Structure formats: C-alpha cells, structure tokens
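Everything quoted here is computed from the prediction, not taken from an experiment.
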Amino acid sequence: MAAEPTAHELLRKHRPTLDQALEAIRTRAYWSPHPEHPKAYGENGSLDAAAGKAAFDALLGNRLDLADQPGVDDWVGGEVSPYGIELGVSYPHPDIDVLLPAMRAGQRAWREAGPELRAVVCLEILKRISDRTHQFAHAVMHTSGQAFMMAFQAGGPHAQDRGLEAVAYAYAEQVRTPEQAEWTKPQGKRDPLVLTKRFTAVPRGIGLVIGCNTFPTWNGFPGLFASLATGNAVLVKPHPRAVLPLALTVRIARDVLAEAGFDPNLVALAAERPGEGIAKTLALRPEIKIIDYTGSTAFGDWLETNAHQAQVYTEKAGVNTVIVHSTDDYQGMLSNLAFSLSLYSGQMCTTPQNLLIPRDGIATDQGHKSFDEVTADLARAVDGLLGDDARANALLGAIVNPDVKARLEAAAGLGEVALASREVTNPEFPDAVVRTPVIVKLDGAKPDDEAAYMSECFGPVSFAVAVDSAADAVELLRRTVREKGAMTVGAYTTDAATEQAVEEVCLEEAAQLSLNLTGGVYVNQTAAFSDFHGSGGNPAANAALTDSAFVASRFRMVEVRREA
C-alpha cells in the first residue's frame with residue numbers, strides 16, 4: 001500500500017507522455033519529448049553542460065556502486081577512451097548463481113503492477129536519464145569514440161526516444177486484450193453458459209541485454225525497456241569497452257524501482273573480467289528467457305543457434321548498398337553521400353558501404369558524368385566536408401578500436417583508391433585515432449573484387465563498384481541483401497522503372513529503403529516513433545526497432561476463467 005501514492009504521482013506525471021508516444025507510433029509523425037540542443041538542459045532538475053561534465057569527471061577513477069546489488073564477488077573495469085583517456089571506473093562483478101535468483105524474487109510484484117504502472121515507472125527512469133543527458137554524453141563519447149555532439153544527441157535524446165518508443169509498443173500490445181471479460185453463450189431453452197475471464201500479461205523471465213561498443217545506449221535502451229515494461233527483470237551485460245553508459249542506466253533504474261516500491265534487483269549489471277566471455281555463459285542459463293544483442297554476425301548467429309531457452313533478438317551486420325543511377329541534384333547527392341560516409345567514421349550499422357554505379361556513367365542535372373567522374377567528385381565532396389580539421393573532428397569522432405583501424409588500412413590494397421584516408425589531429429585529445437574515409441574503386445564483374453564488396457568492412461571504408469547497367473545494379477542489390485543482409489538501402493534515380501525495380505527488391509528482401517536523399521536527412525539516420533531501424537526480414541537483423549513483433553513475444557497472455 002505504501003507504493004500507491006508514488007504510483008498515483010507517476011501516473012499523473014507521465015501518463016500524458018505515454019499517450020503522446022502512443023499517438024506518435026500510430027501516426028508515424030515527427031515527435032520527441034527529449035530536447036536535442038545542449039542548452040535546453042539546466043532547469044527543472046536537469047544538469048547543464050558544466051554540471052554534467054563535473055558529474056562525469058566525478059566518476060573517473062572510482063567505483064560505481066549499484067545500491068547493494070546482490071552477489072558482488074569482485075570489482076572490474078579497464079575502459080580506455082578512444083580519445084586516449086583511462087576512465088579508471090570499476091564495476092561490481094556478479095556471482096550469477098546469487099544474482100539471478102535475486103532478480104527473480106521481485107517479478108511477481110512487478111507482474112501484478114500491470115502494464116500502465118510498469119510503463120510510467122519506465123518513463124520515470126527515462127526522465128531521470130534525460131536529466132543527466134550531459135553526463136551520459138561524456139560517458140558515451142569516451143566509450144564509443146563518437147564526437148561530443150553526436151554522443152550528446154544519439155547517446156542522449158535519440159536513445160531516450162528509442163527507449164520510450166519500446167515502452168509505448170509494449171504497453172499497446174499488453175492492453176490489446178482486456179483485463180476482464182464476461183462470456184455468455186446462449187443455450188436455447190436452457191440457462192446460458194456464463195463465465196468470467198481474467199487475462200494477465202505474464203513475463204517470460206529474465207531478459208539479457210548484451211550491449212555494443214559503438215552505440216551503448218541507442219542500441220541498449222530498446223531491449224531493456226521493452227523487457228522491463230512487459231514485466232521481465234533485465235540483466236544488462238555491457239560491452240567491456242563501453243560499460244559506463246549502461247552502468248549509469250542500471251543505477252538510475254534501480255533507484256527508481258526502489259522508490260516506487262519495487263525490488264531494485266529487477267534491473268542489474270553484469271560487468272566482466274577481461275577475456276571472461278560472460279555473455280556466452282549467461283546466454284545459456286535457464287533463467288534467461290529473452291536476449292537482446294547488437295554486434296558481430298558470428299556471435300549473433302551463435303546466440304540464435306544455441307540459446308534455445310530464450311527469445312533472441314539480434315542486430316548483426318550487413319552490407320549496406322546505395323545504387324547511383326541518375327539524379328536531378330548532383331551536388332545535393334554528393335553532399336548527402338559525403339556526410340553519410342563520414343559521420344562517426346562510418347562506424348554505424350547503417351553507413352553505406354557499396355556504391356553501385358554504372359560503368360558507363362550516370363545522367364545528372366549537370367550533364368552526363370562518367371564512373372570516374374562520379375567517384376572523383378564524391379572524393380572531392382568528402383575532402384571538402386572534412387578539409388577543416390576542427391569540422392572533421394566534430395563529424396568523425398575517433399576510431400573505436402584497433403580492428404576498425406586495421407580494416408581501414410587494409411582496404412587501400414583492395415583496388416584503385418579514389419579517396420585516400422588521412423590522419424586528423426585532435427588538439428584536445430592528442431592520443432585519439434582519427435581518420436578520414438577511404439573510397440576504393442572495384443569492378444562488379446571481377447570475382448576477386450566481389451570477395452571485397454560482398455563482405456562487411458565496418459568502419460570508414462566504402463567501395464565504388466562499377467556495374468554494367470541499372471538492371472545489374474538491382475540484381476546485385478538483391479543478391480547482397482539476400483545473402484549478406486542490409487540495415488539500409490539507398491538509391492538515386494530519376495527513372496521511374498529503376499525506382500520501381502529497387503523498391504520491389506527492398507519489399508521482397510525486407511530492406512529499409514531511402515530514395516533520392518539530397519538534403520538534411522541521411523540514409524544512416526532513423527527517427528524513433530516513425531522510422532523502423534532494420535526490418536527483421538534479412539540476415540542483418542532478426543528484429544526491428546521498434547515494431548509490435550519486437551515486444552509481443554516478451555510476454556504471454558494467461559487466462560483464468562470461472563463460472564459466474
């Protein structure tokens with residue numbers, strides 16, 4: 001009973017936001033309750049820029065305590081910023097035989113709270129995360145290598161939008177069935193058969209969120225909040241290079257749950273020792289009933305094959321493709337592509353890799369452009385965008401790990417280089433590894449070149465692939481999506497038949513398509529409440545962020561019926 005005033009206050013505070021989110025996912029129109037501009041913070045309990053930076057600095061070199069999380073048997077850490085700073089934060093390491101039973105203990109009360117109360121508790125968690133957006137921005141920046149402004153937006157309000165979106169979908173699916181029903185079946189001259197029926201959304205069990213290095217909050221929040229809002233406890237296993245943003249999330253979630261009268265162990269952290277590989281151990285535990293994973297194809301495939309006891313949601317890897325057939329805004333196309341290839345050093349699962357260009361060239365508003373002219377002009381557009389080092393640092397961020405750097409350096413040996421990568425110095429962080437993109441020209445008709453462009457090369461590497469015709473480009477697109485998967489597809493064409501052919505391939509192979517983008521929207525960006533991130537229908541991912549399928553299997557509807 002003590003939690004009821006808190007519950008009432010949370011409903012009063014957050015139900016309007018939930019209603020707006022439900023309307024947004026219905027209409028797919030633009031909406032966000034989370035400000036994108038740093039200056040919007042600093043009032044009503046939120047941290048401004050200076051306070052957020054101070055809060056981040058206060059974490060460095062210290063233990064991040066999680067309010068008596070059970071089963072702590074060690075303290076672990078070791079994160080080093082891609083900008084060259086040792087964070088020195090240590091986190092509780094779990095004895096999972098102690099932690100997992102403790103997490104299950106609070107699930108009955110959380111289930112009995114019902115969809116609405118669970119939703120507004122989740123919204124309170126998101127609100128407190130939003131209040132600390134400046135702190136989270138530094139945490140994301142120094143674990144992912146994103147430049148500050150991108151870390152602020154993608155790691156802050158955009159990630160929070162994705163979490164709220166998941167809550168809205170979860171709520172909508174749970175209340176689709178009424179809580180109670182009266183069932184009366186006429187029996188002619190006899191008395192009717194009358195039953196009362198009660199329907200309860202029952203959680204699967206414990207959800208495991210396996211975080212990624214590049215977008216710890218943006219990719220972590222959807223699964224975390226989808227599972228929590230549907231009544232499940234959630235164990236968060238961050239990437240060992242990007243623990244801090246998700247550890248802060250867990251700490252806030254535990255505080256909110258406790259204040260609302262629920263067991264804080266409904267959300268817990270599983271930080272690991274170097275090389276421990278705890279994700280594989282956890283994934284096979286019988287208590288784990290849901291797994292959300294973002295990362296390599298190899299481990300994603302392993303999870304799908306081996307974690308039979310769990311509902312597994314994966315976002316893996318793909319070969320994102322753009323067909324460049326023709327355009328009525330040549331400069332706009334070049335500028336748009338240059339930004340897409342450069343943003344966060346191409347370290348996004350949505351960044352274009354293969355640019356399929358007819359070897360005879362393309363029609364443009366500036367006349368016919370040969371294959372070599374298109375690639376040279378695109379190289380100049382990237383150079384122009386990144387020619388100033390200050391702007392380059394603001395767009396590129398830092399290379400997230402040595403594997404990306406190695407792929408970038410090896411790419412130059414795969415074909416003729418249209419744009420060479422160069423080093424960029426970051427005066428604020430001299431130890432940061434900052435590199436501009438490389439563009440390599442390949443021939444779609446050569447088997448040796450195919451081995452390169454048909455493999456994902458994650459990072460600032462793109463291939464300009466010469467193809468014989470638009471039809472060949474469309475067929476290569478189809479084969480690429482079918483065999484390798486794609487999170488995004490783009491196309492530039494002024495020809496209606498080519499546009500229709502590309503669209504048909506994307507519909508048949510379930511790939512998200514962007515057509516003729518020349519302005520301030522880019523193929524590698526998606527907006528919560530409106531755009532679907534991935535489709536779940538090709539090898540790049542078996543789930544979409546966010547649709548009904550992403551939440552509906554996280555619970556089951558259980559019926560209790562009685563004779564009236």
Side-chain angles (χ1 to χ4, degrees), residues 14-15 17-28 31-34 110 113-130 136 154-176 201 203-204 206-212 215-236 245-246 249-250 252-253 256-257 266-267 289-294 311-315 526-536 541-555:
H14 295 300
R15 180 69 215 208
T17 303
L18 177 61
D19 289 338
Q20 288 179 287
L22 292 167
E23 179 67 6
I25 63 174
R26 186 189 68 82
T27 64
R28 317 306 294 180
W31 176 73
S32 172
H34 302 114
W110 188 234
E116 185 179 45
L117 182 52
R118 287 196 296 267
V120 295
V121 170
C122 287
L123 265 60
E124 177 65 17
I125 296 169
L126 284 165
K127 173 63 169 63
R128 296 197 193 180
I129 291 171
S130 177
F136 271 80
H158 297 171
Q160 295 152 21
D161 283 349
R162 283 295 183 192
L164 175 54
E165 177 186 52
V167 173
Y169 271 99
Y171 176 80
E173 288 304 308
Q174 290 174 97
V175 300
R176 187 181 300 278
R204 278 183 173 268
I206 297 175
L208 172 65
V209 174
I210 303 175
C212 68
F215 288 89
T217 54
W218 199 100
N219 281 105
F221 283 4
L224 191 165
F225 285 101
S227 285
L228 193 61
T230 49
N232 303 277
V234 182
L235 179 59
V236 179
L246 290 178
T249 302
V250 169
I252 290 170
V256 171
L257 286 163
L266 288 164
V267 178
K289 299 300 184 182
I290 303 165
I291 298 173
D292 288 278
Y293 168 76
T294 302
Q311 180 75 32
V312 179
Y313 300 90
T314 60
E315 182 194 309
T526 58
F529 310 108
S530 186
D531 295 322
F532 293 108
H533 177 75
S535 71
N542 75 358
L545 305 179
T546 298
D547 61 7
S548 296
F550 185 69
V551 300
S553 288
R554 296 172 190 265
F555 67 96

> What do the steps show when you test Leu228 against Ile125 for side chain to side chain contact (heavy atoms under 4.5 Å, CB included), and what is the final call?
Replying inline: CA-CA 11 Å; Leu228 193 61; Ile125 296 169; 3.9 Å; yes

> Any side-chain heavy atom of Tyr313 within less than 4.5 Å of one from Ile290?
Replying inline: yes

>> Please check this pair: side chain of Glu165 against backbone of Asp161, looking for a donor-acceptor N/O pair closer than 3.5 Å.
In response: no

> side-chain hydrogen bond (donor to acceptor under 3.5 Å, both in side chains) with Asp531: which residues, sequence neighbours excluded?
Replying inline: none

> Are the side chain of Trp31 and the backbone of Ile25 linked by a donor-acceptor contact shorter than 3.5 Å?
Replying inline: no

> If you take all heavy atoms of Cys122 and Phe225, which pair is closest and at what distance?
Replying inline: O-CE2, 3.7 Å

>> Could you measure the distance from the CG atom of Asn219 to the CG atom of Leu545? Nearest 0.5 Å is fine.
In response: 7.0 Å

>> To the nearest 0.5 Å, what is the distance between CG on Leu126 and CG on Leu224?
In response: 9.0 Å

> Are the side chain of Gln174 and the backbone of Ala229 linked by a donor-acceptor contact shorter than 3.5 Å?
Replying inline: yes

>> Between Arg162 and His158 (side chain of the first, backbone of the second, donor and acceptor by atom type, cut-off under 3.5 Å), is there such a pair?
In response: no

> Which pair of heavy atoms, one from Ala168 and one from Leu22, lies closest together, and at what distance?
Replying inline: O-CD2, 3.4 Å

>> Nearest 0.5 Å, please: how far is CH2 in Trp110 from CG in Leu257?
In response: 5.5 Å

> Within the side chain of Asp547, is there an N or O that forms a donor-acceptor pair under 3.5 Å with the backbone of Phe532?
Replying inline: no

> Name the one of Asn232, Val551, Ile206 that satisfies side-chain contact (heavy atoms from CB on, under 4.5 Å) with Ser227?
Replying inline: Asn232

> What pair of heavy atoms forms the shortest contact from Phe136 to Pro245, and how long is it?
Replying inline: CE2-O, 3.3 Å

> For Pro222 and Ala166, which heavy atoms make the closest approach, and how far apart are they?
Replying inline: O-CB, 3.5 Å

> Distance-only, no hydrogens or angles: does the Ser553 side chain make a donor-acceptor pair with backbone N or O of Ala549 under 3.5 Å?
Replying inline: no

>> Minimum heavy-atom separation for Arg118 and Thr230, please, with both atom names.
In response: NE-C, 3.9 Å

> Sub-3.5 Å donor-acceptor pair from the side chain of Glu315 to the main-chain atoms of Thr294, do we have one?
Replying inline: no

>> Could you check whether Lys127 pairs with Glu124 (Lys NZ or Arg NE/NH1/NH2 to Asp/Glu carboxylate O, under 4.0 Å)?
In response: no

>> Please check: side-chain N/O of Asn542 versus main-chain N/O of Thr314, any donor-acceptor pairing under 3.5 Å?
In response: yes

>> I need the minimum non-hydrogen distance between Leu164 and Pro33, along with the two atoms involved.
In response: CD2-CG, 3.6 Å

>> Could you measure the distance from the CG atom of Leu235 to the CG atom of Leu266? Nearest 0.5 Å is fine.
In response: 12.0 Å

> Under the side chain to side chain contact (heavy atoms under 4.5 Å, CB included) criterion, do Leu18 and Leu123 qualify, and how do the steps go?
Replying inline: CA-CA 8 Å; Leu18 177 61; Leu123 265 60; 4.1 Å; yes

> Which value, rounded to the nearest 0.5 Å, describes the distance between Arg554 atom CZ and Arg204 atom CZ?
Replying inline: 9.5 Å

